[in-house]
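Working notes, beginning with the structure itself.
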Amino acid sequence: MILVVDTNIVFAALLKKSTTRRFLLEPISTYCSPIHLKQEILNYEEELKQRIRLSKEEFEELFTLVTEHIIFVSKEDYEKELSVAEKLLQNTDHGDIP
């Protein structure tokens, strides 16, 4: 089974020890995400470091651990399927479509 991981899942895993973090650290499936997730999370790096009280080095280590089992997919690899995703997710946040 392949599970798509969105930014909210990674945020949750970074913010506290939780089931979400455990699933990402000890994968039970294959995880995929659009490549832009990395930059989206890093845009909030300062806020996250303050909220979880980590140094830059500690945050980078946690970020690496949380994302190391995620296969990051380029837009070119999934853009032909965006219309299908849009239909499936028509009642949700359009930012989640990729």
Side-chain angles (χ1 to χ4, degrees):
M1 173 171 37
I2 298 173
L3 299 174
V4 177
V5 176
D6 74 358
T7 306
N8 292 325
I9 297 298
V10 176
F11 274 134
L14 290 170
L15 288 172
K16 65 180 180 176
K17 289 183 181 178
S18 62
T19 302
T20 303
R21 184 184 287 180
R22 193 179 81 236
F23 281 133
L24 291 179
L25 295 178
E26 302 168 13
I28 59 166
S29 186
T30 301
Y31 304 126
C32 293
S33 182
I35 191 71
H36 69 82
L37 175 136
K38 284 183 177 183
Q39 187 56 52
E40 191 171 350
I41 296 290
L42 293 176
N43 288 343
Y44 292 93
E45 179 179 354
E46 291 304 316
E47 180 181 338
L48 287 166
K49 286 189 310 192
Q50 289 176 3
R51 287 182 66 184
I52 54 182
R53 297 184 178 105
L54 294 178
S55 69
K56 181 169 183 59
E57 293 78 20
E58 292 168 326
F59 176 81
E60 288 172 356
E61 183 178 340
L62 179 60
F63 181 75
T64 299
L65 288 171
V66 165
T67 60
E68 75 179 331
H69 298 293
I70 300 172
I71 298 167
F72 290 98
V73 182
S74 70
K75 186 172 183 177
E76 294 79 30
D77 290 335
Y78 66 80
E79 68 185 344
K80 64 184 174 286
E81 302 296 334
L82 284 174
S83 62
V84 174
E86 189 170 356
K87 288 177 187 172
L88 291 171
L89 299 172
Q90 63 186 341
N91 296 323
T92 191
D93 179 5
H94 283 3
D96 288 340
I97 291 173

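Just so you know, these numbers come straight off a predicted model, no measurement behind them.
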Hydrophobic cluster identity match, [X] and [Y], side-chain contacts under 4.5 Å:
X: Val66; Y: Ile71; answer: no
X: Leu3; Y: Leu37; answer: yes
X: Met1; Y: Val5; answer: yes

side-chain hydrogen bond (donor to acceptor under 3.5 Å, both in side chains) partner of Asn43, the single match among Glu47, Glu40, Gln39: Gln39
Among Val73, Val84, Val4, side chain to side chain contact (heavy atoms under 4.5 Å, CB included) partner for Tyr78: Val73
Value rounded to 0.5 Å, distance of [atom1] in [X] from [atom2] in [Y]:
X: Leu14; Y: Tyr44; atom1: CG; atom2: OH; result: 13.5 Å
X: Glu68; Y: Leu25; atom1: CD; atom2: CG; result: 7.5 Å
X: His69; Y: Leu24; atom1: NE2; atom2: CG; result: 9.0 Å

Sidechain-backbone polar pair: Asp6 side chain, Ile9 backbone, donor-acceptor under 3.5 Å: yes
Shortest non-hydrogen contact between Ala12 and Ser18, atoms and distance: O-OG, 4.1 Å
Atom of Ile52, atom of Leu15 and distance for their closest heavy-atom approach: CG2-O, 3.2 Å
Heavy-atom side-chain proximity of Asp77 to Phe72 below 4.5 angstrom: no
Side chain proximity check, Thr67 to Ile41, heavy atoms < 4.5 angstrom: no
Enclosure of Ile28 CD1 (heavy-atom neighbours >12, cutoff 6.0 Å): yes
side-chain hydrogen bond (donor to acceptor under 3.5 Å, both in side chains) pairs, two or more places apart, involving residues 20-31: none
Those residues that, when tested against Lys56, pass side chain to side chain donor-acceptor pair (under 3.5 Å) (two or more places apart): Glu45, Glu60
Under the salt bridge (charged side-chain N to carboxylate O under 4.0 Å, His left out) test, residues paired with Glu46 that sit two or more places apart: Lys49
